[in-house]
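Report on the structure given below.
For clarity, every value in this text was computed on a predicted model and none was experimentally measured.
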Amino acid sequence: MTFPIQRLRRLRKTEVLRSMVRETHLRPSNLIMPLFVCPGRDVCVSIPSMPGNSRMSADRIAEYCKEIQDAGVPAVLLFGIPESKDPTGTSGYTPDGVVQTAVREIKKSCPELAVITDVCLCEYTNHGHCGVLKGHDVDNDQTLPLLQKMALSHAEAGADIVAPSDMMDGRIGAIRQCLDSNGFHDTIILAYAAKFASAFYGPFRDAADSAPAFGDRRSYQMDPANGDEAMREIALDLEEGADMIMVKPGLPYLDIIWRAKQTFNAPLAAYNVSGEFSMIKAAGERGWLDEERAMMESLVCLKRAGADLIITYYALEAAKKISA
């Protein structure tokens with residue numbers, strides 16, 4: 001039967017009717033809040049390119065996490081801004097590093113909050129690349145032991161989930177072996193399995209002070225044109241022991257999210273990255289669009305595409321909106 005018998009607009013007439021037949025539901029429990037940890041005490045420095053976000057010391061982050069947890073957001077993702085950097089990112093895997101310190105502080109104040117830690121050298125190296133350099137190239141195999149040390153130090157500090165974002169070949173297997181051999185069998189690995197060499201990371205690199213000193217990261221991050229290769233990357237990470245997978249960025253790669261969920265049906269996170277956040281924020285500030293509606297629409301579409309979890313700088317704001 002067709003029009004006029006079938007009138008799909010009947011189900012859209014009121015908000016009550018729309019909510020009754022809504023297919024995709026976004027909940028606070030689907031959201032993860034990224035945070036930037038810096039040295040010191042009682043430090044909170046705003047990030048101009050990411051309005052509403054700040055670099056915070058461990059004590060301030062632990063306090064902020066109480067608000068995040070109270071809003072129903074179940075997890076945070078920590079990135080470190082160290083006091084010093086060197087060619088091999090030593091400050092990233094010391095027991096008293098900024099991330100390790102923050103993990104311990106958060107676990108004291110919010111023991112039920114899941115703490116995820118980013119595992120990558122780019123924030124800790126003075127050249128800004130994600131691994132050990134051999135000339136101007138990143139040496140994949142020499143980088144793996146340092147990623148193992150970083151992941152282990154995070155687990156020892158109390159991290160629930162480690163998230164390798166470096167895109168070195170074999171790093172998931174190396175980290176799984178290291179964690180298991182040191183008794184951390186239950187530490188979860190969330191693999192940045194399909195991380196693309198994207199222009200949408202710009203504000204993050206400003207926030208984390210992690211822009212490469214030369215060249216770019218296209219020799220290890222994925223070509224944005226490649227979908228089949230993303231499936232191969234995800235398959236390898238799962239084979240090596242990843243418990244959860246991630247697609248990054250989110251909105252430009254909805255097709256990859258959909259394919260990954262349909263192909264592997266593994267727990268899947270999408271990273272709604274800094275550039276996606278800042279575009280909506282800037283357009284909203286200028287009155288070019290309704291920021292709140294654009295925020296919710298962008299997050300719902302990631303969920304609709306297949307994401308179980310969404311890492312987003314809008315996590316706290318969205319959770320409050322959903323619960324209102």
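Within the 4.5 Å cutoff, the side chain of Ile172 has heavy atoms near those of the Pro164 side chain. A 4.5 Å side-chain heavy-atom check between Arg171 and Asp237 finds at least one atom pair inside the cut-off. At a threshold of 4.5 Å between non-hydrogen side-chain atoms, the residues Tyr253 and Pro224 count as touching. Between Asp169 and Glu240 there is no side-chain heavy-atom pair separated by less than 4.5 Å. For the pair Val45 and Cys38, the minimum side-chain heavy-atom distance is 4.5 Å or more. When side chains are defined from C-beta on, Leu133 does not count as touching Pro87, because their heavy atoms never get closer than 4.5 Å. Side-chain atoms of Leu146 and Tyr93, non-hydrogen and from C-beta on, do get closer than 4.5 Å to each other. Put simply, the side chain of Pro95 does not reach to within 4.5 Å of the side chain of Gln100, judged on heavy atoms.
No side-chain donor-acceptor contact under 3.5 Å links Thr117 to the backbone of Ala159. In terms of modelled atom types and a separation under 3.5 Å, the side chain of Asn30 and the main chain of Leu309 share no donor-acceptor contact. Side-chain atoms of Glu276 do not come within 3.5 Å of backbone N or O of Pro249 as any donor-acceptor pair. For the pair Thr263 (side chain) and Ala260 (backbone), a donor-acceptor distance under 3.5 Å is absent. In this structure, Ser298 contributes its side chain and Met295 its backbone to a donor-acceptor pair below 3.5 Å. Between the side chain of Ser278 and the backbone N or O of Gly275, no donor-acceptor pair lies under 3.5 Å.
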Practice task
Determine, step by step, whether Leu251 and Phe200 satisfy the side-chain contact (heavy atoms from CB on, under 4.5 Å) criterion, reporting the C-alpha distance in whole Å, the side-chain angles of both residues, the deciding distance to 0.1 Å, and the verdict.
Solution key: CA-CA 10 Å; Leu251 295 178; Phe200 287 92; over 6 Å; no

Exercise for the section: Give the C-alpha distance, both sets of side-chain angles, the deciding distance and a yes or no for side-chain contact (heavy atoms from CB on, under 4.5 Å) between Val115 and His154. Expected result: CA-CA 10 Å; Val115 178; His154 292 175; over 6 Å; no

Exercise for the section: List the steps and the verdict of side-chain contact (heavy atoms from CB on, under 4.5 Å) for Met33 and Tyr64. Expected result: CA-CA 11 Å; Met33 183 72 180; Tyr64 188 41; 3.8 Å; yes

Problem - Candidate pair Ile256 and Met231, rule side-chain contact (heavy atoms from CB on, under 4.5 Å), full reasoning - result: CA-CA 8 Å; Ile256 305 300; Met231 299 303 106; 3.9 Å; yes

Exercise for the section: For Asp160 and Lys107, run salt bridge (charged side-chain N to carboxylate O under 4.0 Å, His left out): C-alpha distance rounded to whole Å, both residues' side-chain angles, the deciding distance at 0.1 Å, then the answer. Expected result: CA-CA 10 Å; Asp160 302 285; Lys107 282 300 180 182; 2.7 Å; yes

Problem - Intermediate values then yes/no, salt bridge (charged side-chain N to carboxylate O under 4.0 Å, His left out), Arg176 and Asp243 - result: CA-CA 10 Å; Arg176 184 73 273 164; Asp243 303 286; 3.5 Å; yes

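One distance of note links CD1 of Ile175 with CG of Leu147; it measures 5.5 Å at 0.5 Å rounding. In this structure, the separation between CD1 on Ile311 and CD1 on Ile32 is 4.5 Å, given to the nearest 0.5 Å. Summarising the geometry, atom CD1 belonging to Ile257 is positioned 12.5 Å from atom NZ belonging to Lys303; distances are rounded to the nearest 0.5 Å. In this structure, the separation between OH on Tyr271 and OG on Ser198 is 12.0 Å, given to the nearest 0.5 Å. Expressed to the nearest 0.5 Å, how far OH of Tyr314 lies from CG of Asn272 amounts to 8.5 Å. If you take CD1 on Ile116 and CG on Leu113, they are separated by 9.0 Å, rounding to the nearest 0.5 Å.
No salt bridge links Arg218 with Asp223; every basic N to acidic carboxylate O contact stays at or beyond 4.0 Å. Under a 4.0 Å N-O distance rule, the pair Lys195/Asp166 does not qualify as a salt bridge. Salt-bridge formation is detected for the pair Asp228/Arg259: a Lys NZ or Arg NE/NH1/NH2 atom is positioned less than 4.0 Å from an Asp or Glu carboxylate oxygen. A salt bridge is defined here as a Lys NZ or Arg NE, NH1 or NH2 lying under 4.0 Å from an Asp or Glu carboxylate O, and Arg22 with Glu15 meets this definition.
Note: the hydrophobic cluster containing Ile188 also contains Leu268 (ILVMFWY, side chain heavy atoms under 4.5 Å, direct or indirect links). Linking ILVMFWY residues whenever their side-chain heavy atoms come closer than 4.5 Å, directly or via other members, places Val300 and Ile310 in the same cluster. When hydrophobic clusters are built by joining Ile, Leu, Val, Met, Phe, Trp and Tyr residues whose side-chain heavy atoms come closer than 4.5 Å, directly or via intermediates, Met279 is grouped together with Met296. Hydrophobic cluster membership differs between Ile234 and Leu236, with clusters built from Ile, Leu, Val, Met, Phe, Trp and Tyr side chains linked at under 4.5 angstrom. A single hydrophobic cluster is not seen to contain both Leu302 and Trp258; linkage of ILVMFWY side chains at heavy-atom distances under 4.5 Å, directly or through other members, places them apart.
Closest approach of Val98 to Gly80, counting heavy atoms only: CG2-CA, 3.8 Å. Shortest non-hydrogen contact noted between Ser54 and Ile47 is C-CD1, 3.8 Å. In terms of heavy atoms, Leu121 sits closest to Gly89 at CD2-O, 4.4 Å. For the residue pair Leu26 and Leu299, the shortest heavy atom distance occurs at CD2-CB, 3.7 Å. The two residues Ile68 and Val76 make their nearest non-hydrogen contact at CD1-CG1, 4.0 Å. The minimum heavy-atom distance between Phe184 and Asp180, with the atom names listed, is O-OD1, 4.0 Å.
A cation-pi arrangement, defined by a distance under 6.0 Å to the six-membered ring centre and an angle within 45 degrees of its axis, is present between Lys248 and Tyr201.
Counting heavy-atom neighbours within 6.0 Å of Asp96 CG, excluding the residue itself, gives a total above 12. Within 6.0 Å of CD in Glu83 there are 12 or fewer heavy atoms belonging to other residues, nucleotides or ligands. Arg18 CZ: more than 12 foreign heavy atoms inside a 6.0 Å radius.
Between His129 and Phe214, the two ring planes are tilted [angle within 30° to 60°].
When only modelled atom types and interatomic distance are considered, Gln221 and Tyr192 share no side-chain donor-acceptor pair under 3.5 Å. With hydrogens and angles left out, the side-chain atoms of Asn226 and Glu229 include a donor and acceptor closer than 3.5 Å.
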